[in-house]
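Sharing a structure with you now.
Basis for what follows: all heavy atoms, side chains included, without hydrogens, waters or symmetry-related copies. Keep in mind it's a predicted model, so treat the numbers as computed, not measured.
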Amino acid sequence: MDSLSFSGICRYRVSPSTRLGFDQSNHINDGFSLGNKASFDRKQDRQGLAITRVASPLKRAIVPSLEKETVPDQNHVAWTSVRQERWEGELVVQGEIPLWLKGTYLRNGPGIWHIEDYNFRHLFDGYATLVKLHFENGRLIAGHRQIESEAYKAARKNKKICFREFSEVPKHENFMAYVGDLAKLFSGASLTDNANTGVVKLGDGRVVCLTETQKGSLVIDPNSLETLGRFEYSDSLGGLIHSAHPIVTDSEFLTLLPDLLNPGYLVVRMEPGTNERKVIGRVNCRGGPAPGWVHSFPVTEHYVIVPEMPLRYSAQNLLKAQPTPLYKFKWHPESKAFLHVMCKASGKIVTSVEVPLFVTFHFINAYEEEDEDGRVTAIIADCCEHNADAAILDQLRLQNLRSFNGQDMLPDARVGRFTIPLDGSPFGKLESALDPDEHGRGMDMCSINPANLGKKYRYAYACGAQRPCHFPNTLTKLNFAKKKAKNWHDEGAVPSEPFFVARPGATEEDDGVVISLISEKNGSGYALLLDGSTFEEIARAKLPYGLPYGLHGCWVPKK
């Protein structure tokens with residue numbers, strides 16, 4: 001991957017306390033094996049418990065019974081809490097895993113959506129479950145483990161929610177307890193560290209799980225999946241939140257820190273081997289009472305693009321004990337929408353343009369458009385755009401996800417393409433990069449070949465829709481040059497983000513494999529490999545049981 005250098009000049013139920021003893025003879029035909037082929041070392045956990053191939057919790061977990069949540073017609077395994085805290089074993093592969101694929105795919109996401117008899121409200125509330133798929137010599141070792149955040153450990157110990165999650169707040173025994181919680185809110189002490197959103201490999205090799213609270217940056221061991229501790233930032237920049245999706249390469253770490261008091265964003269950079277973020281520059285908001293939500297943002301080779309969405313942080317909603325339809329945010333169409341372009345080297349704002357109203361969780365990529373003389377004339381930035389409709393946020397309530405009745409309930413989405421002119425024009429464009437019907441008018445959870453980060457690119461991989469549906473249910477390869485899409489679909493299945501891994505030495509952008517974890521409607525699940533070029537299935541491996549829906553992943557190559 002090319003370095004994003006700062007040098008140079010800008011160019012303009014089961015009870016978790018019960019060990020699940022699988023009988024191998026009964027399950028080999030089901031697609032997984034716990035036999036001696038798997039070369040794991042027997043080891044001791046921190047309490048002296050011997051961990052072999054079938055894992056049991058490190059501690060007695062306070063996790064409620066799942067019996068009342070497993071109604072087949074209403075509860076797809078994708079929206080059901082994970083069966084146990086830990087599991088690891090070798091999977092039987094159908095098909096062929098390329099021998100060049102050597103390393104570990106990690107996927108992070110919510111995995112436990114209740115404590116005792118209390119059921120969480122929203123997809124984003126679940127306590128984080130980290131999943132691994134280790135590929136080597138054509139074999140596949142899988143496993144999962146709960147991330148041991150302070151929020152999860154406190155809930156397990158006290159049998160209740162103890163920190164503020166996405167849509168959940170601790171239940172207060174009296175008014176004074178509520179006041180005390182508000183004080184902790186302003187200091188950040190009551191905010192969750194439940195790192196259930198993403199996982200990244202830093203340039204120095206450390207692997208960090210992330211969420212939108214800065215305190216929710218946790219270092220993990222990519223082999224054992226053990227939570228090693230909090231990633232402590234050594235700078236004095238402060239703040240409570242950051243973009244859940246930093247830009248991470250072997251040479252740097254870029255992220256945005258929203259300023260809720262003086263509405264704007266700090267653009268910061270962190271070098272490998274350090275915990276110190278340094279400010280590149282600041283963007284002041286042009287509209288609204290607060291900065292827009294920045295779940296993600298794009299970069300080009302020379303610029304950082306800072307989005308200012310009319311879906312803005314809301315202090316009023318944050319203080320409420322019960323969630324509003326837009327949770328911690330508020331839709332402010334009158335505040336308009338903007339994209340700001342900052343030079344990485346100088347920190348100066350190159351341009352700031354008004355764009356049509358938009359709603360996006362995930363930017364896909366961005367690049368610089370040049371004229372015949374090599375001068376940069378515009379920035380192109382692509383995202384999964386929800387037609388300026390924030391309804392998708394409430395559609396992700398677990399009640400909605402668990403009650404699919406065959407009706408088409410998924411709000412439309414498209415690949416939104418922004419064009420940001422660099423000629424001084426005050427306005428930018430937003431249009432569809434390809435016909436949304438190519439991917440079923442559903443679009444989210446995207447990845448690209450990392451070698452094309454910040455550069456002109458042809459392909460992206462995402463989740464689309466085969467309707468009727470209430471959630472993205474296809475894996476989709478997007479071809480921007482031909483403005484076409486190819487879709488993979490398994491009836492009733494819910495696939496997680498398609499993650500592209502390039503073949504070492506490849507010269508073609510789509511030469512590699514696409515990895516996804518699939519949750520099936522019958523309660524089972526499997527790991528899936530698709531050829532990045534043909535988008536045809538090349539291998540799958542059945543898991544011992546289906547896993548909950550997960551969010552984002554990363555690749556840790558074998559050294």
Side-chain angles (χ1 to χ4, degrees), residues 4 108-109 124 128 166 188 191-202 208-218 231 233 235 237-249 252-261 263-270 275-285 288 290-300 303-314 318 327-329 337-342 344 347 358-366 381-385 393 418 444-448 450 453-454 497 551-554:
L4 296 178
N108 192 9
F124 298 162
F166 179 79
L191 295 180
T192 189
D193 67 338
N194 176 26
N196 70 355
T197 306
V199 53
V200 298
K201 184 186 77 67
L202 304 183
V208 181
C209 292
L210 298 163
T211 188
E212 293 192 343
T213 64
Q214 291 190 36
K215 66 187 290 188
S217 302
L218 304 179
F231 187 96
Y233 298 100
D235 53 70
L237 295 180
L240 303 179
I241 55 178
H242 58 183
S243 171
H245 294 282
I247 302 293
V248 182
T249 70
E252 68 183 358
F253 174 106
L254 296 170
T255 195
L256 304 182
L257 308 183
D259 185 344
L260 303 183
L261 297 179
Y265 313 89
L266 287 181
V267 182
V268 303
R269 176 180 187 256
M270 185 173 66
N275 290 39
E276 181 182 6
R277 300 162 300 180
K278 297 181 179 180
V279 177
I280 300 173
R282 177 185 164 90
V283 172
N284 293 318
C285 288
W293 187 20
V294 282
H295 188 72
S296 70
F297 64 99
V299 300
T300 69
Y303 304 105
V304 178
I305 294 86
V306 180
E308 186 181 342
M309 205 166 40
L311 182 61
R312 298 180 181 271
Y313 295 97
S314 170
L318 186 62
Y327 304 93
K328 297 173 175 63
F329 314 102
F338 307 92
L339 292 177
H340 313 277
V341 180
M342 177 183 290
K344 288 182 188 176
F358 69 98
V359 170
T360 185
F361 298 160
H362 301 115
F363 279 87
I364 304 173
N365 197 22
D382 294 337
C383 69
C384 302
E385 203 278 310
L393 199 60
F418 291 101
D444 220 324
M445 310 304 285
C446 45
S447 73
I448 64 170
L453 176 66
E497 174 187 67
L551 297 175
H552 303 286
C554 76

I would like to know whether Val268 and Ile280 meet side-chain contact (heavy atoms from CB on, under 4.5 Å); could you show each step before the answer?
CA-CA 5 Å; Val268 303; Ile280 300 173; 5.9 Å; no
Do Lys278 and Arg269 have side-chain heavy atoms sitting under 4.5 Å apart? no
Practice prompt. Report yes if some heavy atom in the side chain of Val248 is under 4.5 Å from a heavy atom in the side chain of Lys201; otherwise report no.
Written response: no
Value for OH (Tyr327) from CG (Leu393), rounded to nearest 0.5 Å, stands at 6.5 Å
Can any side-chain N or O of Asn196 pair as donor or acceptor with the backbone N or O of Thr211 at less than 3.5 Å?
no
Aromatic plane relationship, Tyr233 with Phe253 - under 30° parallel, 30 to 60° tilted, over 60° perpendicular: tilted
- Going through the checks in order, is the side-chain contact (heavy atoms from CB on, under 4.5 Å) test met by Phe358 and Met309? CA-CA 7 Å; Phe358 69 98; Met309 205 166 40; 3.8 Å; yes
Worksheet item: Hey, are the side chains of Val208 and Leu202 touching, using non-hydrogen atoms and a 4.5 Å cut-off?
Response: yes
Please check: side-chain N/O of Glu308 versus main-chain N/O of Cys285, any donor-acceptor pairing under 3.5 Å?
no
Check against side-chain contact (heavy atoms from CB on, under 4.5 Å), Val200 and Leu210: CA-CA 8 Å; Val200 298; Leu210 298 163; 4.0 Å; yes
For Pro291 and Gly264 the tightest heavy-atom approach is CB-O, 4.0 Å
Separation between CD1 (Ile448) and CD1 (Ile364), nearest 0.5 Å, reads 9.0 Å
Closest non-hydrogen atoms of Leu256 and Pro307, given as atom of the first, atom of the second and distance, are CD1-CD, 4.3 Å
Rounded to the nearest 0.5 angstrom, the CG-OG distance for Asn365 and Ser447 is 11.0 Å
query = Side-chain contact, heavy-atom cut-off 4.5 Å: Phe329 with Ser314?
reply = no
Check your understanding: Under the 3.5 angstrom rule, does the side chain of Asp235 hit a backbone N or O of Glu276 as a donor-acceptor pair?
Key -> no
Evaluate Val279 against Val267 for side-chain contact (heavy atoms from CB on, under 4.5 Å), listing each step before the verdict. CA-CA 6 Å; Val279 177; Val267 182; over 6 Å; no
- State, with a plain yes or no, whether a side-chain heavy atom of Ile305 is found less than 4.5 Å away from one of Phe297. no
Heavy-atom nearest pair, Lys215 first then Leu191, reads NZ-O, 2.9 Å
Output for pair (Cys384 SG, Met445 CE), nearest 0.5 Å, gives 9.0 Å
dist Gln214:CD -> Leu240:CG (nearest 0.5 Å) comes out at 7.0 Å
query = Going by the angle between their ring planes, with limits at 30° and 60°, are Phe124 and Phe361 parallel, tilted or perpendicular?
reply = perpendicular
Quick check: does any side chain N or O of Tyr313 sit under 3.5 Å from a backbone N or O of Asp259, one acting as donor and the other as acceptor?
no
Taken to the nearest 0.5 Å, the spacing of Lys344 NZ from Ile247 CD1 works out to 8.5 Å
I want to check something: taking the side chain as every heavy atom from C-beta on, are Val306 and Leu339 in contact at a cut-off of under 4.5 Å? no
Next on the checklist: Within the structure provided, determine whether Glu497 and Leu551 are in side-chain contact (heavy-atom separation under 4.5 Å).
Outcome noted: no
| Within the side chain of Lys328, is there an N or O that forms a donor-acceptor pair under 3.5 Å with the backbone of Arg312? | no
Shortest non-hydrogen pair, Thr255 vs His242, comes out as OG1-CB, 4.2 Å
request  = Classify the angle between the aromatic ring planes of His552 and His295 as parallel (below 30°), tilted (30 to 60°) or perpendicular (above 60°).
outcome  = tilted
Closest heavy-atom pair, Pro258 versus Val294, reported as atoms and distance to 0.1 Å, is CG-CG2, 3.6 Å
Heavy-atom nearest pair, Thr213 first then Asp193, reads OG1-CA, 4.2 Å
